[in-house]
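Okay, structure first, notes after.
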Amino acid sequence: MALPSVVSALFTFSLSELSAALASVYGIDGVSKTLTIVQSAAMLEIAHAVFGLVRSPVQVTSMQVGSRIIALFAINNSPSAQVQFGAGLMILSWAFVEVPRYAFYMAALITGDATKKTPYPLFWLRYSLFAVLYPTGITGEMTCFLAAAKDPAFLAMLGEGKESIMYYFIMFFPAIYVPGSPSMVMNMVGNRKSAMKKRFARPVPPPRGLVWPEVTEKNGKKSRSSTPTAKGILAAAIGSVNKEMGEKTLNLKNWRFGYVKFLKALVNEQCKSEEACLTAAKAGLEKAHSTFQFVAPDGSACSVAEAMSAKNASKFCTGYIKGTKSRSEAKLEIPYKDKNLSGDELKQQVNKWVDYGTIERSCGDAIISCIDNPEWLDLRDKYFVLLGAGSAMGPFLVLMALGANVVAIDLDRPHVWKRLINIARESSGSITFPMKEQQDTCKNDDELYAKSGSNLFTQTPLIKDWLLNLYEGKAFTVGCYAYLDGALHVQVSLAMDAICKELTEKRPNTSLAYLCTPTDLHLIPKEAHDAAEAEYKNYASKLYCMFIRLVSRGKLLTKNAMPPIEGEGGPFYVVNGISIAQGPNYAMAKRMQHWRAVVARSRGCIVSSNIAPSTSTVSVVSNKTFAWAYEGMPFFKPFEIFAPETSNAVMSAILFHDLNNEKSAVHPKQKLSNPNELFKWGSFHGGAWRCAYEVDSLGEASVLIYFSRLAAPYAKVAVAVGAIAYAKMSGMF
């Protein structure tokens, strides 16, 4: 009824007529009663969100509905609010939002699919009208609050002398609209982005290759959820040495945030004896290999263990490129802060890192040994299998520069192989890689790139077969460098593990190489534990740290040094570097690498598995929160965040040391008090082991430090301007 007069006024291009038309909307017969009934009923939406009947966020829903109820209260009890333009603006905005929204919900109930099957015009209106109607609705609500605050009739609702109570009550809401409105708008922006993405997403392809097993959810539907399987694997590992703790792991409800407790329990159990450590590792791996499925192209499925042991009719061809660059004199160079360090200058920097606590002494000794033994860098007769050759943290560039023979495994994507092959051609090394067809059938480079590569997920058994028969008699060092986000990281890690298992068991003189993360549970030297204790005493008295601890009620800036664990050969000192934000899948993927490392070493393999530092790779700093935290972390001594080229070079140097120095802890001849002590030596942890606080408790504090540094110059200017203004007002000059 109100729409014709408003539209007519709109086309007069007269603000006064439009304002008058909007001001008359509330007075139309039946509007106030209908408005009260409909908006009061909307409070059910809050209840639906609270009880989980819908997936709407409780806080945002409460803000949206609650603000309307207060605006309704203001307009119903303020004659002044009823006859100003904002009343009509508010009512029409609500109507134009809600009518399409509830029509959309009705269509979703009828079609059974809110994302794909609702009529697109209705879908578009549901997720687009807010861009105009939220601002107009908020403007209308604000005018009602302000009009009511000036209306004697509204202010006198509680009686004479209590007008100020009603005034401050109604003026409270415009104050909270300033911070609250953007969150409501941004929530809808996020909803729109997500809905549009789902609407136009391609159909999910059928599962192929190495996949999470199907599980039955509580509602009876089948899915490939990672949680039940990951819990089962960890429970199998713990349960093999502590049945009761294994059952508790299976019964854990809040897996996303509760898994750390059970990883700690696993490490505690493994520290009891060498046998317990290896038993748990073997049980976890066996459970993973027997539980994960491998789906063939025809849709048939079996366990990963069965797929890896089966005979395969098809096989890869072999591609080979020899570099054209002549080999230069080998020397260890590490790029660091716009300089290439080598020789004595590099030794000095390594010792600075050791003294500061950024790396362990065993790590520093390994790098210096590599400097003193340049023959270790002669890689002309060495063969390195890189699973994930193009990884940002992998040693591909270093190996190519030193003339190594690299066997590269990476995705069958032309742009990947264009990069790898061109780097190889400009080097003194060589690259060998799987191909779909014979290399001599390629007419040009574009065909070569298109026919190269393999898929670790879908072709795991074929990659294993190809590697087992490649360069017979040559010793392989197999490095696991592929990385993906979320549940895919577990899949790719298991694929690499399945290949490593076969090679270490069936190909003599195979060694393994891993890059461990500092954000994990590790056994550490007593010196690192003592250093963390000393740093905690130092930082605990700093005002900033005391403030953060106070306002977070002890949840942030958690003490890093943990009580030692008793066991055969102990005590063992442990650091908890696990970051909850990275999730249980990341922790599971890394834990499987730990398990394979200790099992392979127990069987006589050299396993170079050293902790790499926090590194500013593109995948990490693309997450703004991590990027901000990285900027602030060096405030906490001895943290340092490294550039990818520095991390690649130092971790490669430690790898060369491990492969050549028989006295290194990675060699199976060297006796360890516990197999997990393999990760104790040669650590380039970037300060995580010796810092005062656990890595996961530093993030928020580090972000605040970063932004405070950004704001510091502006704060100084503000103080200076304020001082000058005060001086002038005081007549000082």
*Short N-O contact, Asp497 and Lys501, less than 4.0 angstrom*: no
*Taking every non-hydrogen atom, the tightest pair across Ser493 and Gln593*: OG-NE2, 4.1 Å
_Criterion side chain to side chain donor-acceptor pair (under 3.5 Å) on Ser223 and Trp212, from CA distance to verdict_ = CA-CA 9 Å; Ser223 72; Trp212 290 86; over 6 Å; no
*State plainly whether the residues Arg507 and Glu472 are in salt-bridge range, i.e. N to O under 4.0 Å.*
no
*Going by atom types alone, do Asp658 and Asn610 pair a side-chain donor with an acceptor below 3.5 Å?*
yes
*Can you tell me if Lys287 uses its side chain to pair, donor with acceptor, with the backbone of Gly232 under 3.5 Å?*
no
*For the student: nearest non-hydrogen atoms of Ala498 and Val304, plus distance*: CB-CG1, 4.2 Å
*Salt-bridge criterion met for Arg690 and Glu360 (N-O under 4.0 Å)*: yes
*asked:* Tell me whether the rings of Phe476 and Tyr471 are parallel (<30°), tilted (30 to 60°) or perpendicular (>60°).
replied: perpendicular
*salt bridge (Lys or Arg N to Asp or Glu O under 4.0 Å) partners of residues 602-613, not counting sequence neighbours, each pair once*: Glu505-Arg603
*Taking Asn660 for its side chain and Phe656 for its backbone only, find out whether a donor-acceptor pair lies under 3.5 Å.*
yes
*Main-chain N/O of Ala587 paired to Gln582 side chain as donor or acceptor, under 3.5 Å*: no
*Can you label the angle between the His522 ring and the His594 ring as parallel, tilted or perpendicular, going by 30° and 60°?*
tilted
*Do you know which two heavy atoms are closest between Val575 and Ala688, and how far apart they sit?*
CG2-O, 4.2 Å
*asked:* Could you check whether Ser303 and Ser290, counting side-chain N and O atoms only, form a donor-acceptor pair closer than 3.5 Å?
replied: no
_Gap between atom CZ of Phe262 and atom NZ of Lys248 - 0.5 Å precision_ = 7.5 Å
*How many angstroms lie between atom CG of Leu556 and atom OH of Tyr693, to the nearest 0.5 angstrom?*
11.0 Å
*May I ask you to say whether Arg591 pairs ionically with Asp520, meaning some side-chain N is under 4.0 Å from a carboxylate O?*
yes
*Quick one: are the ring centres of Phe396 and Tyr481 less than 6.0 Å apart?*
no
*Look at the side chain of Asp378 and the backbone N and O of Pro374, then say whether any donor-acceptor pair between them is shorter than 3.5 Å.*
no
*Between Asn251 and Glu247, is there a donor-acceptor pair closer than 3.5 Å when you use the side chain of the first and the backbone of the second?*
yes
*Provide the closest heavy-atom pair for Pro461 versus Phe294 in the form atom of the first, atom of the second, distance.*
CD-CZ, 3.5 Å
*When you check the side-chain N and O atoms of Thr615 and Ser647, is any donor under 3.5 Å from an acceptor?*
yes
*First locate atom CG of Leu503, then atom CG of Leu468, and finally report the distance between them rounded to the nearest 0.5 Å.*
5.0 Å
*Tyr259 and Trp255 aromatic ring geometry - parallel, tilted or perpendicular at 30°/60° bounds*: tilted
_Donor-acceptor contact present, side-chain Asn312 to main-chain Leu462, <3.5 Å_ = no
*Side-chain donor-acceptor contact under 3.5 Å, Thr432 with Tyr383*: no
_Test side chain to side chain donor-acceptor pair (under 3.5 Å) on Thr510 and Thr504; report intermediate values, then the result._
CA-CA 6 Å; Thr510 295; Thr504 54; over 6 Å; no
*Between Tyr573 and His529, how do the two ring planes meet: parallel, tilted or perpendicular, split at 30° and 60°?*
tilted
